[in-house]
*Asks:* 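Below: one structure in structure tokens.
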Amino acid sequence: GQQLNQSPQSMFIQEGEDVSMNCTSSSIFNTWLWYKQEPGEGPVLLIALYKAGELTSNGRLTAQFGITRKDSFLNISASIPSDVGIYFCAGPPTGTASKLTFGTGTRLQVTL
Amino acid sequence: DARVTQTPRDKVTEMGQEVTMRCQPILGHNTVFWYRQTMMQGLELLAYFRNRAPLDDSGMPKDRFSAEMPDATLATLKIQPSEPRDSAVYFCASARSGSTDTQYFGPGTRLTVL
């Protein structure tokens, strides 16, 4: 079935550093979503993107909807310890408005 | 602060036993989703409902899994009989009709089948 590949798989960074991660698909998506999951909790929606080329920010987080509509990017600036978690991209494959496909996840660790 | 609630948070059971997981969606959300998360498969959609009617359960093993919404405030996911390979975290999520791409997840039920 549809798969969203995320890279990197994991990241170990120091507090204060900027982070970049991406998500790619073999087919076109009309919506891209970014979620964060902390240990023992469900994913929490961070940013939603609806238009190719769109750039949206939420605090220190910025996400972009790739112009090919087959990829999306998430940047975190000036990372802090509470940024630790797994970041998932997700989207409804074309024609399935409600069914989300989730990416493989990027695990972020922040050291002091 | 509206949230999706799930019970139990943790469940340990023996193979062959029936397991029932419950979810209370956010008030006013009429679309409810059940997901399963494992290390190997990641997050997978099992089934979803709109206005309490099942719309898609193609991700669910039909022989042992069943999902229902007895009323607008309760969704259930039942496994009977349970097997060790069912061990996973099961999440419920809810959304408003027309905004079903923005789903709000519950804290999950961690199921361990011995």
*Asks:* Which residues, ordered by chain and number, are linked to B:L74 in its hydrophobic cluster, where ILVMFWY side chains connect at heavy-atom gaps below 4.5 Å, directly or through other members?
*Replies:*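 For B:L74, no cluster forms, as it stays isolated from other hydrophobic side chains.
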*Asks:* Report which part of B:R50 has an atom under 4.5 Å of a heavy atom belonging to chain A: side chain, backbone, both, or neither.
*Replies:*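 Looking at B:R50, just its side chain touches chain A.
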*Asks:* In terms of hydrophobic clustering (I, L, V, M, F, W, Y; side-chain heavy atoms under 4.5 Å; direct or indirect links), are B:L111 and B:F65 co-clustered?
*Replies:*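 Same hydrophobic cluster.
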*Asks:* In terms of hydrophobic clusters joined by side-chain contacts under 4.5 Å, are B:V89 and A:F102 together?
*Replies:*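 They do share one cluster, since a chain of ILVMFWY contacts under 4.5 Å joins B:V89 to A:F102.
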*Asks:* B:Y35 versus A:L100: any side-chain heavy-atom pair under 4.5 Å?
*Replies:*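 Yes, their side chains come closer than 4.5 Å.
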*Asks:* With clusters defined by side-chain heavy atoms of hydrophobic residues (ILVMFWY) lying less than 4.5 Å apart, directly or transitively, does B:I79 cluster with B:L46?
*Replies:*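 Looking at the clustering, B:I79 is in the same group as B:L46.
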*Asks:* More than 12 heavy atoms of other residues, nucleotides or ligands under 6.0 Å from CD of A:Q9: yes or no?
*Replies:*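 Result for CD/A:Q9: open.
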*Asks:* Go through the atoms of B:L45 and report whether side chain, backbone, both or neither lie under 4.5 Å from a heavy atom of chain A.
*Replies:*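 When you check distances to chain A, only side chain atoms of B:L45 fall under 4.5 Å.
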*Asks:* Hey, could you give me each pair passing salt bridge (charged side-chain N to carboxylate O under 4.0 Å, His left out) that has a residue in residues 85-99 of chain B? Not counting sequence neighbours.
*Replies:*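 Listed once each, the pairs are B:R64-B:D86, B:E83-B:R85.
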*Asks:* Which answer fits B:Q41, side chain, backbone, both or neither, if we ask what part of it has an atom under 4.5 Å from a heavy atom of chain A?
*Replies:*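 Neither the backbone nor the side chain of B:Q41 comes within 4.5 Å of chain A.
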*Asks:* Among residues 30-46 of chain A, which ones touch chain B with a heavy-atom distance under 4.5 Å?
*Replies:*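 The residues closer than 4.5 Å to chain B, in numerical order, are A:T31, A:L33, A:Y35, A:Q37, A:G40, A:E41, A:G42, A:P43, A:L45.
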*Asks:* Quick check on the hydrophobic clustering: are B:W34 and B:F105 connected, directly or via other members, by side-chain heavy-atom contacts under 4.5 Å?
*Replies:*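 No, because B:W34 and B:F105 fall into different hydrophobic clusters, even though each may have its own neighbours under 4.5 Å.
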*Asks:* Heavy-atom cut-off 4.5 Å, strictly under: side chain, backbone, both or neither for B:S58 against chain A?
*Replies:*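 The side chain, not the backbone.
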*Asks:* Between A:V110 and A:M21, is there shared hydrophobic-cluster membership here, with clusters defined by ILVMFWY side-chain heavy atoms closer than 4.5 Å?
*Replies:*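 Yes; A:M21 is reachable from A:V110 via cluster members.
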*Asks:* For chain B, which residues from residues 49-88 of chain A have at least one heavy atom closer than 4.5 Å to it?
*Replies:*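 So far as heavy atoms go, A:Y50, A:F88 are the residues that approach chain B to under 4.5 Å.
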*Asks:* Should we say atom OH of B:Y104 is surrounded by more than 12 heavy atoms from elsewhere, each under 6.0 Å from it?
*Replies:*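 Not buried by this count: 12 neighbours or fewer within 6.0 Å.
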*Asks:* Step through the shown structure and confirm whether more than 12 heavy atoms of other residues, nucleotides or ligands are within 6.0 Å of CD on B:E14.
*Replies:*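 No, because the 6.0 Å sphere around CD of B:E14 holds 12 heavy atoms or fewer from other groups.
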